[in-house]
Protein chains: 2
Amino acid sequence: MNSRTTENYLKAVYRHSRANSSGNVSLGIIAGDLGVTPGTVTQMMKHLSGRDLVVYESRRGAALTDSGERAALDIIRRHRLIELFLVEVMGLDWADVHDEAEELEHVVSDRLIARMDEMLGHPARDPHGAPIPSASGVLKSGQTRRLAECETGTYRLIQVTKETSGFLEWLSEYKFFPGSIFDLHHIDSMGGTLSLGLSGQNKKIVMSIEAAGSLLVEEAG
Amino acid sequence: MNSRTTENYLKAVYRHSRANSSGNVSLGIIAGDLGVTPGTVTQMMKHLSGRDLVVYESRRGAALTDSGERAALDIIRRHRLIELFLVEVMGLDWADVHDEAEELEHVVSDRLIARMDEMLGHPARDPHGAPIPSASGVLKSGQTRRLAECETGTYRLIQVTKETSGFLEWLSEYKFFPGSIFDLHHIDSMGGTLSLGLSGQNKKIVMSIEAAGSLLVEEAG
DNA sequence: ATCAAAGTTTAGGTTTTGATAACTATAAGT
DNA sequence: ACTTATAGTTATCAAAACCTAAACTTTGAT
(Lines give C-alpha, C1' and ligand atoms only; values in the text may rest on other atoms or scores of the structure.)
Protein backbone atom coordinates (compact mmCIF):
# COMPACT_ATOMS: atom_id res chain seq x y z
CA MET A 1 0.00 0.00 0.00
CA ASN A 2 1.02 3.57 -0.65
CA SER A 3 0.96 6.15 2.10
CA ARG A 4 -1.12 9.25 1.80
CA THR A 5 1.98 11.31 1.10
CA THR A 6 3.17 8.92 -1.57
CA GLU A 7 -0.20 9.13 -3.24
CA ASN A 8 -0.04 12.89 -3.21
CA TYR A 9 3.40 12.87 -4.81
CA LEU A 10 2.13 10.54 -7.50
CA LYS A 11 -0.78 12.83 -8.20
CA ALA A 12 1.54 15.80 -8.40
CA VAL A 13 3.86 14.07 -10.85
CA TYR A 14 0.88 13.05 -12.91
CA ARG A 15 -0.59 16.56 -12.95
CA HIS A 16 2.59 18.15 -14.21
CA SER A 17 3.66 15.47 -16.62
CA ARG A 18 0.94 16.59 -19.00
CA ALA A 19 2.51 20.03 -19.34
CA ASN A 20 5.98 18.97 -20.44
CA SER A 21 5.92 17.23 -23.80
CA SER A 22 8.55 14.70 -22.76
CA GLY A 23 6.39 13.68 -19.81
CA ASN A 24 9.29 14.52 -17.51
CA VAL A 25 8.58 16.75 -14.56
CA SER A 26 11.24 18.93 -13.08
CA LEU A 27 11.45 18.40 -9.38
CA GLY A 28 11.32 22.07 -8.51
CA ILE A 29 7.81 22.19 -9.85
CA ILE A 30 6.74 19.36 -7.59
CA ALA A 31 8.41 21.10 -4.66
CA GLY A 32 6.52 24.28 -5.41
CA ASP A 33 3.26 22.42 -5.88
CA LEU A 34 3.48 20.47 -2.65
CA GLY A 35 5.11 23.21 -0.62
CA VAL A 36 8.23 21.32 0.37
CA THR A 37 11.92 22.02 -0.22
CA PRO A 38 13.68 20.69 -3.33
CA GLY A 39 15.77 18.28 -1.31
CA THR A 40 12.68 16.61 0.01
CA VAL A 41 11.47 15.96 -3.48
CA THR A 42 14.79 14.51 -4.59
CA GLN A 43 14.67 12.08 -1.70
CA MET A 44 11.11 11.16 -2.34
CA MET A 45 11.75 10.54 -6.02
CA LYS A 46 14.56 8.17 -5.12
CA HIS A 47 12.20 6.43 -2.81
CA LEU A 48 9.45 6.19 -5.40
CA SER A 49 12.00 5.08 -7.93
CA GLY A 50 12.99 2.22 -5.63
CA ARG A 51 9.35 1.23 -5.46
CA ASP A 52 9.13 1.35 -9.23
CA LEU A 53 6.55 4.08 -9.28
CA VAL A 54 8.61 6.69 -11.10
CA VAL A 55 11.59 6.72 -13.40
CA TYR A 56 13.97 9.30 -12.14
CA GLU A 57 17.19 10.48 -13.69
CA SER A 58 19.29 12.92 -11.76
CA ARG A 59 18.63 16.48 -12.89
CA ARG A 60 16.52 15.21 -15.75
CA GLY A 61 13.32 15.11 -13.77
CA ALA A 62 10.87 12.34 -13.09
CA ALA A 63 8.14 10.50 -14.94
CA LEU A 64 5.66 7.91 -13.81
CA THR A 65 6.24 4.28 -14.63
CA ASP A 66 3.33 2.21 -15.81
CA SER A 67 2.54 1.09 -12.31
CA GLY A 68 3.01 4.63 -11.01
CA GLU A 69 0.58 5.90 -13.60
CA ARG A 70 -1.88 3.20 -12.71
CA ALA A 71 -1.64 4.21 -9.06
CA ALA A 72 -2.04 7.89 -9.90
CA LEU A 73 -5.04 7.27 -12.10
CA ASP A 74 -6.59 5.13 -9.43
CA ILE A 75 -6.40 7.97 -6.91
CA ILE A 76 -7.68 10.46 -9.44
CA ARG A 77 -10.55 8.11 -10.19
CA ARG A 78 -11.33 7.88 -6.50
CA HIS A 79 -11.14 11.61 -6.09
CA ARG A 80 -13.45 12.38 -8.95
CA LEU A 81 -16.00 9.70 -8.17
CA ILE A 82 -16.12 10.88 -4.58
CA GLU A 83 -16.62 14.46 -5.67
CA LEU A 84 -19.46 13.48 -7.92
CA PHE A 85 -20.98 11.30 -5.24
CA LEU A 86 -20.90 14.15 -2.77
CA VAL A 87 -22.66 16.42 -5.22
CA GLU A 88 -25.14 14.01 -6.77
CA VAL A 89 -26.04 11.74 -3.92
CA MET A 90 -25.35 13.87 -0.89
CA GLY A 91 -26.36 17.20 -2.32
CA LEU A 92 -23.24 19.17 -1.47
CA ASP A 93 -22.24 22.21 -3.46
CA TRP A 94 -19.66 21.70 -6.19
CA ALA A 95 -17.55 24.42 -4.60
CA ASP A 96 -17.23 22.46 -1.37
CA VAL A 97 -16.36 18.96 -2.37
CA HIS A 98 -12.73 19.21 -3.32
CA ASP A 99 -11.20 19.21 0.14
CA GLU A 100 -13.47 16.48 1.40
CA ALA A 101 -12.55 14.28 -1.55
CA GLU A 102 -8.88 15.03 -1.00
CA GLU A 103 -9.17 13.28 2.36
CA LEU A 104 -11.52 10.49 1.45
CA GLU A 105 -9.67 9.39 -1.66
CA HIS A 106 -6.96 7.83 0.47
CA VAL A 107 -9.28 5.89 2.71
CA VAL A 108 -12.38 4.68 0.89
CA SER A 109 -12.22 0.98 0.00
CA ASP A 110 -12.27 -0.34 -3.54
CA ARG A 111 -15.61 -1.90 -2.90
CA LEU A 112 -17.14 1.38 -1.89
CA ILE A 113 -15.68 3.13 -4.90
CA ALA A 114 -17.16 0.44 -7.12
CA ARG A 115 -20.51 0.96 -5.46
CA MET A 116 -20.37 4.71 -5.99
CA ASP A 117 -19.50 4.18 -9.63
CA GLU A 118 -22.51 1.91 -9.95
CA MET A 119 -24.88 4.27 -8.14
CA LEU A 120 -23.76 7.12 -10.36
CA GLY A 121 -24.21 5.04 -13.51
CA HIS A 122 -20.52 4.79 -14.42
CA PRO A 123 -20.20 8.51 -15.01
CA ALA A 124 -17.69 9.97 -17.45
CA ARG A 125 -17.00 13.27 -15.69
CA ASP A 126 -16.86 14.78 -12.23
CA PRO A 127 -18.79 17.90 -11.14
CA HIS A 128 -16.10 20.15 -12.56
CA GLY A 129 -16.16 18.36 -15.87
CA ALA A 130 -12.91 16.49 -15.33
CA PRO A 131 -12.94 13.05 -16.94
CA ILE A 132 -13.03 10.08 -14.59
CA PRO A 133 -10.49 7.34 -15.32
CA SER A 134 -12.01 3.91 -15.77
CA ALA A 135 -11.44 1.19 -13.19
CA SER A 136 -8.87 -0.28 -15.54
CA GLY A 137 -6.97 2.99 -15.57
CA VAL A 138 -7.95 4.50 -18.88
CA LEU A 139 -8.55 8.22 -19.04
CA LYS A 140 -10.22 9.59 -22.09
CA SER A 141 -10.15 13.33 -22.47
CA GLY A 142 -11.78 14.80 -25.53
CA GLN A 143 -10.04 17.55 -27.45
CA THR A 144 -10.75 20.84 -25.72
CA ARG A 145 -9.25 24.31 -25.87
CA ARG A 146 -8.59 26.88 -23.20
CA LEU A 147 -11.13 29.65 -23.40
CA ALA A 148 -8.23 32.07 -22.96
CA GLU A 149 -6.94 31.04 -26.37
CA CYS A 150 -10.19 31.11 -28.33
CA GLU A 151 -11.48 33.59 -30.89
CA THR A 152 -15.00 34.96 -30.62
CA GLY A 153 -17.64 32.35 -31.34
CA THR A 154 -19.97 29.86 -29.72
CA TYR A 155 -18.65 27.30 -27.28
CA ARG A 156 -19.67 24.73 -24.72
CA LEU A 157 -17.97 24.77 -21.33
CA ILE A 158 -16.47 21.34 -20.74
CA GLN A 159 -14.30 21.60 -17.67
CA VAL A 160 -13.21 23.98 -14.93
CA THR A 161 -9.63 23.16 -13.98
CA LYS A 162 -9.25 25.54 -11.08
CA GLU A 163 -11.13 24.16 -8.11
CA THR A 164 -10.88 27.09 -5.75
CA SER A 165 -14.17 27.39 -3.95
CA GLY A 166 -14.26 31.15 -4.51
CA PHE A 167 -13.95 30.79 -8.25
CA LEU A 168 -16.50 27.98 -8.38
CA GLU A 169 -18.98 30.02 -6.39
CA TRP A 170 -18.46 32.93 -8.72
CA LEU A 171 -19.23 30.70 -11.69
CA SER A 172 -22.37 29.34 -10.05
CA GLU A 173 -23.68 32.84 -9.51
CA TYR A 174 -23.87 33.09 -13.28
CA LYS A 175 -25.16 29.52 -13.55
CA PHE A 176 -22.11 28.88 -15.66
CA PHE A 177 -21.44 25.14 -15.42
CA PRO A 178 -19.87 22.40 -17.49
CA GLY A 179 -22.33 21.84 -20.31
CA SER A 180 -23.32 25.51 -20.53
CA ILE A 181 -23.31 26.94 -24.04
CA PHE A 182 -22.23 30.54 -24.48
CA ASP A 183 -21.08 33.14 -26.94
CA LEU A 184 -17.65 34.61 -26.57
CA HIS A 185 -18.52 38.12 -27.68
CA HIS A 186 -15.44 40.15 -27.22
CA ILE A 187 -11.78 39.81 -26.36
CA ASP A 188 -9.91 42.81 -25.03
CA SER A 189 -6.36 41.58 -25.07
CA MET A 190 -4.91 44.90 -23.97
CA GLY A 191 -7.26 45.19 -21.03
CA GLY A 192 -6.79 41.47 -20.38
CA THR A 193 -10.48 40.63 -20.25
CA LEU A 194 -13.04 38.82 -22.31
CA SER A 195 -16.81 38.98 -22.23
CA LEU A 196 -19.36 36.33 -22.96
CA GLY A 197 -23.05 35.67 -22.72
CA LEU A 198 -24.74 32.45 -21.75
CA SER A 199 -27.31 31.24 -24.21
CA GLY A 200 -30.77 31.96 -22.89
CA GLN A 201 -29.58 34.69 -20.55
CA ASN A 202 -29.06 38.39 -21.07
CA LYS A 203 -26.50 39.06 -18.41
CA LYS A 204 -23.01 39.49 -19.74
CA ILE A 205 -20.08 37.87 -17.99
CA VAL A 206 -16.75 39.66 -17.95
CA MET A 207 -13.71 37.78 -16.77
CA SER A 208 -9.94 38.06 -17.00
CA ILE A 209 -8.13 36.17 -19.70
CA GLU A 210 -6.07 34.69 -16.92
CA ALA A 211 -9.19 33.22 -15.29
CA ALA A 212 -10.35 31.97 -18.68
CA GLY A 213 -7.18 29.90 -18.76
CA SER A 214 -8.83 27.47 -16.41
CA LEU A 215 -11.93 26.99 -18.53
CA LEU A 216 -11.78 24.23 -21.10
CA VAL A 217 -14.29 24.47 -23.90
CA GLU A 218 -15.22 22.91 -27.19
CA GLU A 219 -16.75 24.51 -30.22
CA ALA A 220 -20.54 24.40 -30.30
CA GLY A 221 -21.93 24.99 -33.77
CA MET B 1 -7.08 17.47 16.43
CA ASN B 2 -6.68 13.93 17.66
CA SER B 3 -4.72 11.39 15.71
CA ARG B 4 -6.32 8.21 14.52
CA THR B 5 -4.50 6.26 17.20
CA THR B 6 -5.58 8.64 19.92
CA GLU B 7 -9.16 8.31 18.79
CA ASN B 8 -8.89 4.55 18.93
CA TYR B 9 -7.55 4.67 22.47
CA LEU B 10 -10.41 6.93 23.48
CA LYS B 11 -12.91 4.52 22.01
CA ALA B 12 -11.28 1.63 23.82
CA VAL B 13 -11.38 3.43 27.15
CA TYR B 14 -14.99 4.30 26.55
CA ARG B 15 -15.95 0.74 25.60
CA HIS B 16 -14.49 -0.73 28.75
CA SER B 17 -15.48 1.98 31.18
CA ARG B 18 -19.06 0.73 31.04
CA ALA B 19 -18.05 -2.64 32.45
CA ASN B 20 -16.36 -1.46 35.63
CA SER B 21 -18.78 0.23 37.99
CA SER B 22 -16.25 2.87 38.99
CA GLY B 23 -15.79 3.82 35.36
CA ASN B 24 -12.09 3.12 35.72
CA VAL B 25 -10.49 0.89 33.13
CA SER B 26 -7.46 -1.17 33.98
CA LEU B 27 -4.74 -0.58 31.46
CA GLY B 28 -4.13 -4.26 30.80
CA ILE B 29 -7.58 -4.51 29.32
CA ILE B 30 -6.85 -1.70 26.90
CA ALA B 31 -3.56 -3.33 25.99
CA GLY B 32 -5.33 -6.60 25.25
CA ASP B 33 -8.07 -4.88 23.30
CA LEU B 34 -5.72 -2.87 21.11
CA GLY B 35 -3.06 -5.54 20.83
CA VAL B 36 -0.21 -3.50 22.27
CA THR B 37 2.04 -4.06 25.27
CA PRO B 38 1.13 -2.69 28.72
CA GLY B 39 3.99 -0.20 28.66
CA THR B 40 2.66 1.35 25.51
CA VAL B 41 -0.70 1.91 27.16
CA THR B 42 0.83 3.49 30.24
CA GLN B 43 2.70 5.92 28.03
CA MET B 44 -0.34 6.69 26.01
CA MET B 45 -2.45 7.29 29.09
CA LYS B 46 0.10 9.80 30.33
CA HIS B 47 -0.06 11.47 27.00
CA LEU B 48 -3.85 11.57 26.97
CA SER B 49 -3.81 12.73 30.53
CA GLY B 50 -1.60 15.65 29.52
CA ARG B 51 -4.12 16.53 26.87
CA ASP B 52 -6.91 16.37 29.42
CA LEU B 53 -8.71 13.52 27.71
CA VAL B 54 -8.39 10.98 30.49
CA VAL B 55 -7.83 11.03 34.21
CA TYR B 56 -5.16 8.55 35.01
CA GLU B 57 -3.86 7.50 38.38
CA SER B 58 -0.92 5.17 38.49
CA ARG B 59 -2.08 1.58 38.94
CA ARG B 60 -5.64 2.76 39.49
CA GLY B 61 -6.56 2.73 35.85
CA ALA B 62 -7.94 5.41 33.62
CA ALA B 63 -11.27 7.11 33.01
CA LEU B 64 -12.36 9.61 30.41
CA THR B 65 -12.64 13.26 31.35
CA ASP B 66 -15.63 15.20 30.12
CA SER B 67 -13.79 16.32 27.04
CA GLY B 68 -12.44 12.81 26.51
CA GLU B 69 -15.93 11.42 26.68
CA ARG B 70 -17.17 14.05 24.29
CA ALA B 71 -14.43 13.08 21.86
CA ALA B 72 -15.17 9.37 22.26
CA LEU B 73 -18.89 9.86 21.74
CA ASP B 74 -18.20 11.97 18.71
CA ILE B 75 -16.21 9.18 17.09
CA ILE B 76 -18.82 6.61 18.04
CA ARG B 77 -21.46 8.84 16.54
CA ARG B 78 -19.46 9.07 13.35
CA HIS B 79 -18.91 5.36 13.25
CA ARG B 80 -22.55 4.47 13.69
CA LEU B 81 -23.89 7.07 11.32
CA ILE B 82 -21.43 5.94 8.68
CA GLU B 83 -22.44 2.32 9.16
CA LEU B 84 -26.07 3.16 8.77
CA PHE B 85 -25.35 5.32 5.77
CA LEU B 86 -23.46 2.52 4.10
CA VAL B 87 -26.36 0.14 4.64
CA GLU B 88 -29.31 2.43 3.99
CA VAL B 89 -28.02 4.71 1.29
CA MET B 90 -25.33 2.65 -0.35
CA GLY B 91 -26.93 -0.73 0.00
CA LEU B 92 -24.03 -2.57 1.60
CA ASP B 93 -24.61 -5.60 3.76
CA TRP B 94 -24.70 -5.02 7.51
CA ALA B 95 -22.00 -7.65 7.91
CA ASP B 96 -19.58 -5.63 5.79
CA VAL B 97 -19.78 -2.11 7.05
CA HIS B 98 -17.83 -2.24 10.28
CA ASP B 99 -14.32 -2.14 8.86
CA GLU B 100 -15.16 0.51 6.35
CA ALA B 101 -16.65 2.71 9.06
CA GLU B 102 -13.62 2.11 11.23
CA GLU B 103 -11.55 3.89 8.61
CA LEU B 104 -13.95 6.57 7.57
CA GLU B 105 -14.85 7.71 11.08
CA HIS B 106 -11.47 9.39 11.42
CA VAL B 107 -11.63 11.27 8.17
CA VAL B 108 -15.15 12.33 7.29
CA SER B 109 -15.80 16.03 7.97
CA ASP B 110 -18.35 17.30 10.44
CA ARG B 111 -20.34 18.72 7.62
CA LEU B 112 -20.62 15.41 5.89
CA ILE B 113 -21.61 13.69 9.10
CA ALA B 114 -24.33 16.28 9.61
CA ARG B 115 -25.53 15.66 6.08
CA MET B 116 -25.68 11.90 6.62
CA ASP B 117 -27.62 12.43 9.82
CA GLU B 118 -30.07 14.58 7.91
CA MET B 119 -30.40 12.15 5.01
CA LEU B 120 -31.08 9.33 7.41
CA GLY B 121 -33.67 11.36 9.32
CA HIS B 122 -31.69 11.71 12.55
CA PRO B 123 -31.73 8.01 13.25
CA ALA B 124 -31.58 6.61 16.76
CA ARG B 125 -29.75 3.37 16.04
CA ASP B 126 -27.16 1.93 13.70
CA PRO B 127 -27.69 -1.25 11.61
CA HIS B 128 -26.69 -3.42 14.55
CA GLY B 129 -29.11 -1.68 16.84
CA ALA B 130 -26.47 0.31 18.69
CA PRO B 131 -27.72 3.73 19.79
CA ILE B 132 -26.25 6.72 17.99
CA PRO B 133 -25.04 9.53 20.25
CA SER B 134 -26.56 12.92 19.44
CA ALA B 135 -24.43 15.68 17.95
CA SER B 136 -24.28 17.22 21.40
CA GLY B 137 -22.85 14.03 22.81
CA VAL B 138 -25.81 12.43 24.52
CA LEU B 139 -26.21 8.69 24.28
CA LYS B 140 -29.50 7.23 25.32
CA SER B 141 -29.61 3.51 25.67
CA GLY B 142 -32.87 1.92 26.71
CA GLN B 143 -32.91 -0.76 29.35
CA THR B 144 -32.10 -4.04 27.68
CA ARG B 145 -31.04 -7.47 28.89
CA ARG B 146 -28.61 -9.96 27.49
CA LEU B 147 -30.47 -12.83 25.89
CA ALA B 148 -28.02 -15.15 27.65
CA GLU B 149 -29.53 -14.11 30.97
CA CYS B 150 -33.21 -14.31 30.09
CA GLU B 151 -35.86 -16.86 31.04
CA THR B 152 -38.11 -18.35 28.39
CA GLY B 153 -40.59 -15.84 27.00
CA THR B 154 -41.20 -13.42 24.18
CA TYR B 155 -38.62 -10.80 23.31
CA ARG B 156 -37.62 -8.25 20.75
CA LEU B 157 -34.03 -8.18 19.53
CA ILE B 158 -32.65 -4.70 20.10
CA GLN B 159 -28.95 -4.86 19.46
CA VAL B 160 -26.16 -7.17 18.31
CA THR B 161 -23.00 -6.20 20.13
CA LYS B 162 -20.59 -8.52 18.37
CA GLU B 163 -19.90 -7.19 14.91
CA THR B 164 -17.96 -10.08 13.45
CA SER B 165 -19.02 -10.48 9.86
CA GLY B 166 -19.35 -14.25 10.27
CA PHE B 167 -21.78 -13.91 13.15
CA LEU B 168 -23.77 -11.19 11.41
CA GLU B 169 -24.07 -13.30 8.29
CA TRP B 170 -25.24 -16.21 10.37
CA LEU B 171 -27.95 -14.04 11.89
CA SER B 172 -29.08 -12.79 8.49
CA GLU B 173 -29.51 -16.34 7.26
CA TYR B 174 -32.29 -16.63 9.79
CA LYS B 175 -33.49 -13.11 9.01
CA PHE B 176 -32.85 -12.37 12.65
CA PHE B 177 -32.32 -8.62 12.89
CA PRO B 178 -32.74 -5.84 15.44
CA GLY B 179 -36.50 -5.40 15.70
CA SER B 180 -37.24 -9.10 15.22
CA ILE B 181 -39.66 -10.57 17.73
CA PHE B 182 -39.09 -14.12 18.87
CA ASP B 183 -39.93 -16.72 21.48
CA LEU B 184 -37.18 -18.03 23.65
CA HIS B 185 -38.45 -21.60 23.88
CA HIS B 186 -35.88 -23.51 25.76
CA ILE B 187 -32.68 -23.01 27.71
CA ASP B 188 -30.32 -25.93 28.11
CA SER B 189 -27.88 -24.57 30.64
CA MET B 190 -25.96 -27.85 30.91
CA GLY B 191 -25.54 -28.15 27.15
CA GLY B 192 -24.89 -24.43 27.00
CA THR B 193 -27.44 -23.72 24.29
CA LEU B 194 -30.76 -22.04 23.92
CA SER B 195 -33.37 -22.33 21.23
CA LEU B 196 -35.79 -19.80 19.92
CA GLY B 197 -38.27 -19.27 17.12
CA LEU B 198 -38.87 -16.09 15.19
CA SER B 199 -42.48 -14.98 15.11
CA GLY B 200 -43.97 -15.84 11.73
CA GLN B 201 -41.40 -18.50 10.97
CA ASN B 202 -41.30 -22.18 11.76
CA LYS B 203 -37.58 -22.74 11.69
CA LYS B 204 -36.01 -23.04 15.10
CA ILE B 205 -32.74 -21.29 15.87
CA VAL B 206 -30.32 -22.97 18.23
CA MET B 207 -27.39 -20.99 19.50
CA SER B 208 -24.86 -21.13 22.31
CA ILE B 209 -25.53 -19.19 25.46
CA GLU B 210 -22.16 -17.62 24.91
CA ALA B 211 -23.28 -16.25 21.55
CA ALA B 212 -26.52 -15.09 23.13
CA GLY B 213 -24.40 -12.90 25.37
CA SER B 214 -23.99 -10.52 22.49
CA LEU B 215 -27.69 -10.16 21.82
CA LEU B 216 -29.47 -7.43 23.72
CA VAL B 217 -33.22 -7.79 23.95
CA GLU B 218 -36.25 -6.29 25.60
CA GLU B 219 -39.44 -7.99 26.68
CA ALA B 220 -42.15 -8.02 24.05
CA GLY B 221 -45.73 -8.79 24.83
C1' DA C 1 34.69 31.16 -18.95
C1' DT C 2 31.58 32.54 -15.71
C1' DC C 3 27.38 32.82 -13.33
C1' DA C 4 22.78 31.92 -11.94
C1' DA C 5 19.32 28.62 -11.48
C1' DA C 6 18.18 24.14 -10.56
C1' DG C 7 18.97 20.03 -8.41
C1' DT C 8 21.65 17.00 -5.06
C1' DT C 9 23.71 15.55 -0.91
C1' DT C 10 24.56 15.04 3.80
C1' DA C 11 23.55 15.38 8.22
C1' DG C 12 20.22 16.01 11.25
C1' DG C 13 15.52 16.71 13.42
C1' DT C 14 10.52 15.87 14.69
C1' DT C 15 6.55 13.28 15.49
C1' DT C 16 4.16 9.28 16.28
C1' DT C 17 3.89 4.96 17.58
C1' DG C 18 5.53 0.98 19.33
C1' DA C 19 8.68 -2.88 21.82
C1' DT C 20 11.78 -4.76 25.49
C1' DA C 21 13.06 -5.68 29.86
C1' DA C 22 14.08 -4.63 34.36
C1' DC C 23 11.78 -2.95 38.21
C1' DT C 24 7.90 -2.07 41.68
C1' DA C 25 3.48 -1.92 43.79
C1' DT C 26 -0.62 -4.51 44.99
C1' DA C 27 -3.23 -8.26 46.23
C1' DA C 28 -3.71 -12.95 47.43
C1' DG C 29 -2.55 -17.19 49.55
C1' DT C 30 -0.34 -19.93 52.99
C1' DA D 1 3.80 -11.78 58.26
C1' DC D 2 6.09 -13.51 54.25
C1' DT D 3 6.25 -15.03 49.75
C1' DT D 4 4.51 -15.14 45.27
C1' DA D 5 1.93 -13.97 41.29
C1' DT D 6 -0.11 -10.35 38.71
C1' DA D 7 -0.43 -6.01 36.97
C1' DG D 8 1.52 -1.84 36.02
C1' DT D 9 5.61 1.35 35.47
C1' DT D 10 9.83 3.04 33.94
C1' DA D 11 13.65 3.93 31.05
C1' DT D 12 15.72 2.99 26.94
C1' DC D 13 15.66 1.98 22.27
C1' DA D 14 13.81 1.73 17.53
C1' DA D 15 11.82 2.51 13.27
C1' DA D 16 8.91 4.61 9.91
C1' DA D 17 7.61 8.58 7.57
C1' DC D 18 8.37 13.09 6.90
C1' DC D 19 10.78 17.12 6.63
C1' DT D 20 14.71 21.16 6.70
C1' DA D 21 19.13 23.55 6.22
C1' DA D 22 22.93 24.51 3.93
C1' DA D 23 26.83 23.39 1.43
C1' DC D 24 27.86 21.50 -2.91
C1' DT D 25 27.49 20.21 -7.98
C1' DT D 26 25.59 20.42 -12.59
C1' DT D 27 23.76 22.57 -16.43
C1' DG D 28 22.72 25.89 -19.60
C1' DA D 29 22.91 30.50 -20.96
C1' DT D 30 25.26 34.82 -21.68
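Heavy atoms only: backbone and side chains are in, while hydrogens, waters and symmetry mates are out.
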query: Tell me, do I205(A) and W170(A) make a side-chain contact under 4.5 Å, heavy atoms counted?
result: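 Sidechains of W170(A) and I205(A): in contact.
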Q.
Using the side-chain hydrogen bond (donor to acceptor under 3.5 Å, both in side chains) definition, which of the options R77(B), K11(B), R78(B) pairs with E105(B)?
A.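 Output: one option passes, namely K11(B).
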Please enumerate all residues that pass salt bridge (Lys or Arg N to Asp or Glu O under 4.0 Å) together with E169(A), with sequence neighbours excluded.
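Result, salt bridge (Lys or Arg N to Asp or Glu O under 4.0 Å) vs E169(A): none returned.
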Salt bridge (Lys or Arg N to Asp or Glu O under 4.0 Å) partners for E163(B), two or more places apart: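 Result, salt bridge (Lys or Arg N to Asp or Glu O under 4.0 Å) vs E163(B): none returned.
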Going 5' to 3' through nucleotides 15-25 of chain D and flagging B where a protein heavy-atom sits under 4.0 Å of the base, S where only the sugar-phosphate is that close, and - otherwise, we get ---SBB----B
N2(B): what forms a side-chain hydrogen bond (donor to acceptor under 3.5 Å, both in side chains) with it, not counting sequence neighbours?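 Residues passing side-chain hydrogen bond (donor to acceptor under 3.5 Å, both in side chains) with N2(B): R51(B).
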- prompt: What pairs of residues pass the ring-ring contact (aromatic ring centres under 6.0 Å, His included) test when at least one of them lies in residues 64-84 of chain B, not counting sequence neighbours?
  reply: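 Only H79(B)-H98(B) qualify under ring-ring contact (aromatic ring centres under 6.0 Å, His included).
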| message | Determine whether R4(B) and Y9(B) satisfy the following criterion, side chain to side chain contact (heavy atoms under 4.5 Å, CB included), listing intermediate values before the conclusion. | response | CA-CA 9 Å; R4(B) 181 166 309 218; Y9(B) 272 91; over 6 Å; no
salt_bridge(R80(B), E83(B)) N-O dist < 4.0 Å: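 A salt bridge is absent here (no side-chain N lies under 4.0 Å from a carboxylate O).
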Rounded to whole Å, please give me the gap between [atom1] in [X] and [atom2] in [N].
{"X": "N24(B)", "N": "dG8(D)", "atom1": "CG", "atom2": "C1'", "result": "14 Å"}
{"X": "I29(B)", "N": "dA7(D)", "atom1": "CD1", "atom2": "P", "result": "10 Å"}
{"X": "K46(B)", "N": "dT9(D)", "atom1": "NZ", "atom2": "C1'", "result": "7 Å"}

Considering only residues two or more places apart or on different chains, which pairs with a residue in residues 52-62 of chain A satisfy side-chain hydrogen bond (donor to acceptor under 3.5 Å, both in side chains)?
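Matches after skipping sequence neighbours: none remain.
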Under 3.5 Å, sequence neighbours excluded: what are the donor-acceptor pairs made by side chains of residues 119-127 of chain A?
from	atom 1	to	atom 2	distance (Å)
H122(A)	ND1	D117(A)	OD2	2.8
R125(A)	NH1	G129(A)	O	2.3
D126(A)	OD1	H128(A)	N	2.7
D126(A)	OD1	G129(A)	N	3.0
D126(A)	OD1	A130(A)	N	3.0

*Who are the side chain to side chain contact (heavy atoms under 4.5 Å, CB included) partners of E151(A), not counting sequence neighbours?*
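E151(A) satisfies side chain to side chain contact (heavy atoms under 4.5 Å, CB included) with R145(A), Y155(A) once adjacent residues are dropped.
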Produce the list of close N/O pairs, under 3.5 Å, pairing protein atoms with atoms of nucleotides 4-6 of chain D; give distances to one decimal.
none

| said: Going 5' to 3' along DNA chain C, which are the first and last nucleotides with any atom under 4.0 Å from a heavy atom of chain A? | reply: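 Going 5' to 3' along DNA chain C, contacts run dA6(C) to dA11(C).
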Using distance only, find each side-chain donor-acceptor pair of residues 37-50 of chain B under 3.5 Å and give its atom names and separation, not counting sequence neighbours.
from	atom 1	to	atom 2	distance (Å)
T37(B)	OG1	T40(B)	OG1	2.9
T42(B)	OG1	P38(B)	O	3.3

Could you go step by step and tell me if S17(A) and N24(A) meet the side chain to side chain contact (heavy atoms under 4.5 Å, CB included) rule? CA-CA 6 Å; S17(A) 58; N24(A) 259 43; over 6 Å; no
At how many degrees, to 10°, do the end axes of the helix from dA1(C)-dT30(D) to dT30(C)-dA1(D) meet when each uses five pairs?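 Axis angle across the helix from dA1(C)-dT30(D) to dT30(C)-dA1(D), nearest 10°: 10°.
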